[in-house]
Amino acid sequence: MGELLKNRNILIMGARNKWSIAWGIAKAALDEGANLIFTYQGDREKDGVKELADLAGGAPLLQCDVSYDEQVEALFKNLKQEVGTLHGVVHAIAHAKKEDLQDSFVNTSRDGFLHAMNISAYSLVAVARMAKELMPGGGSILTLTYMGSEKVFPGYNVMGVAKAALEATVRYLASDLGPDGIRVNAISAGPVKTISSRVIKDFGTILDVVEQKAPLRRRTDLEDLGKAALFYLSDLSSGVTGEITHVDCGFNIMGI
Ligand code: IMJ
């Protein structure tokens with residue numbers, strides 16, 4: 001155990017279970033002495049996230065559905081009472097309607113398009129605006145993205161468009177919040193088996209292809225992502241903001 005994040009209060013949004021990327025990041029942060037706070041979307045997610053919060057030494061657990069401004073505002077009001085200041089936020093939240101990940105992209109409805117943008121991209125703006133108020137001494141905001149924002153992956157569809165918006169959002173937020181000492185970055189993760197990839201048809205094939213093609217000849221795991229996140233959440237990345245880092249065993253550099 002190290003002390004990279006000792007006495008740092010870090011909010012973890014989007015952990016669902018032990019396979020979640022957000023949990024991989026939480027574990028790495030715990031190992032470096034961080035104090036964590038977890039959020040869950042609603043009653044359906046509560047028990048699962050409570051288990052993680054308990055594993056994290058009885059970390060505080062707060063409800064927040066990012067589709068409601070009032071809930072984002074209430075979350076940070078509660079956080080002010082609970083911990084006072086924040087040093088880091090991990091935003092690991094995305095959602096598209098199931099039908100929009102199964103049909104052709106050209107058939108995406110207006111409603112489905114706006115839903116994916118709202119939950120997967122706008123939510124970072126709302127969270128960053130509120131987090132700023134609890135980061136008087138600066139801080140680090142980290143989100144998760146996927147290479148489907150840069151290149152076409154079958155079925156990623158509207159999520160690819162939302163992740164492209166999220167990545168641009170990272171740059172604009174980094175520009176706005178930089179003067180306050182708040183850095184905003186993203187990790188572009190290689191495919192990981194989580195609740196978010198469970199419904200994807202042929203996901204096993206995707207994992208196999210990545211394993212064969214990636215320069216490191218293996219899959220990205222939660223430890224890889226946790227360690228990269230430690231860089232971004234800690235002072236090790238003091239000079240880095242607005243950046244998108246691929247943590248994908250090198251898969252993205254390959255042409256064929
Ligand atoms: C998701 C869809 C299609 C292809 C995909 C993915 N590939 C990967 C993912 C190749 C790696 C997982 N990913 C990177 C995501 O961002 C997933 C987001 C997501 C997943 C679901 C599943 C259940 C649901 N809505 C979702 N919305 C977003 O109803």
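In listed order, ligands and their atoms are each counted from 1. Please read these numbers as outputs of a predicted model, since none were measured by experiment.
No hydrogens or angles considered: a donor-acceptor pair under 3.5 Å links the side chains of D65 and S67. Between the side chains of N35 and N9, at least one donor N or O sits under 3.5 Å from an acceptor N or O. Side-chain contact check for T169 and Y122: no donor-acceptor pair (N or O, by modelled atom type) lies under 3.5 Å.
For N185 (side chain) and V240 (main-chain N/O), a donor-acceptor pair under 3.5 Å exists by modelled atom type. Judged purely by atom type and a 3.5 angstrom limit, D221 uses its side chain to pair as donor or acceptor with the backbone of E223.
Nearest non-hydrogen protein atom to atom 20 (C) of ligand 1 is S196 O, 3.1 Å. If you check which protein heavy atom lies closest to atom 21 (C) of ligand 1, you get L101 CD1, 3.6 Å. Protein heavy atom at the shortest distance from atom 10 (C) of ligand 1 is Y146 OH, 3.3 Å. In this structure, the protein non-hydrogen atom closest to atom 25 (N) of ligand 1 is A96 O, 2.8 Å. Regarding atom 12 (C) of ligand 1, its nearest protein heavy-atom neighbour is I200 CD1, 3.9 Å. The nearest heavy-atom contact from the protein to atom 29 (O) of ligand 1 is H95 NE2, 3.4 Å.
Of the heavy atoms in Y156, both backbone and side-chain atoms come closer than 4.0 Å to ligand 1.
Near V199, the atoms of ligand 1 lying under 4.0 angstrom from a non-hydrogen atom of the residue are 22 (C), 23 (C). Ligand-side atoms of ligand 1 in range of F203: 8 (C), 11 (C), range being under 4.0 angstrom from any heavy atom. Distances below 4.0 Å separate heavy atoms of I206 from the following atoms of ligand 1: 10 (C).
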*side-chain contact (heavy atoms from CB on, under 4.5 Å) between M13 and V90: does it pass, once the steps are laid out?*
CA-CA 6 Å; M13 307 182 77; V90 175; over 6 Å; no

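Taking the centre of each ring, F153 and Y146 come in below the 6.0 Å mark.
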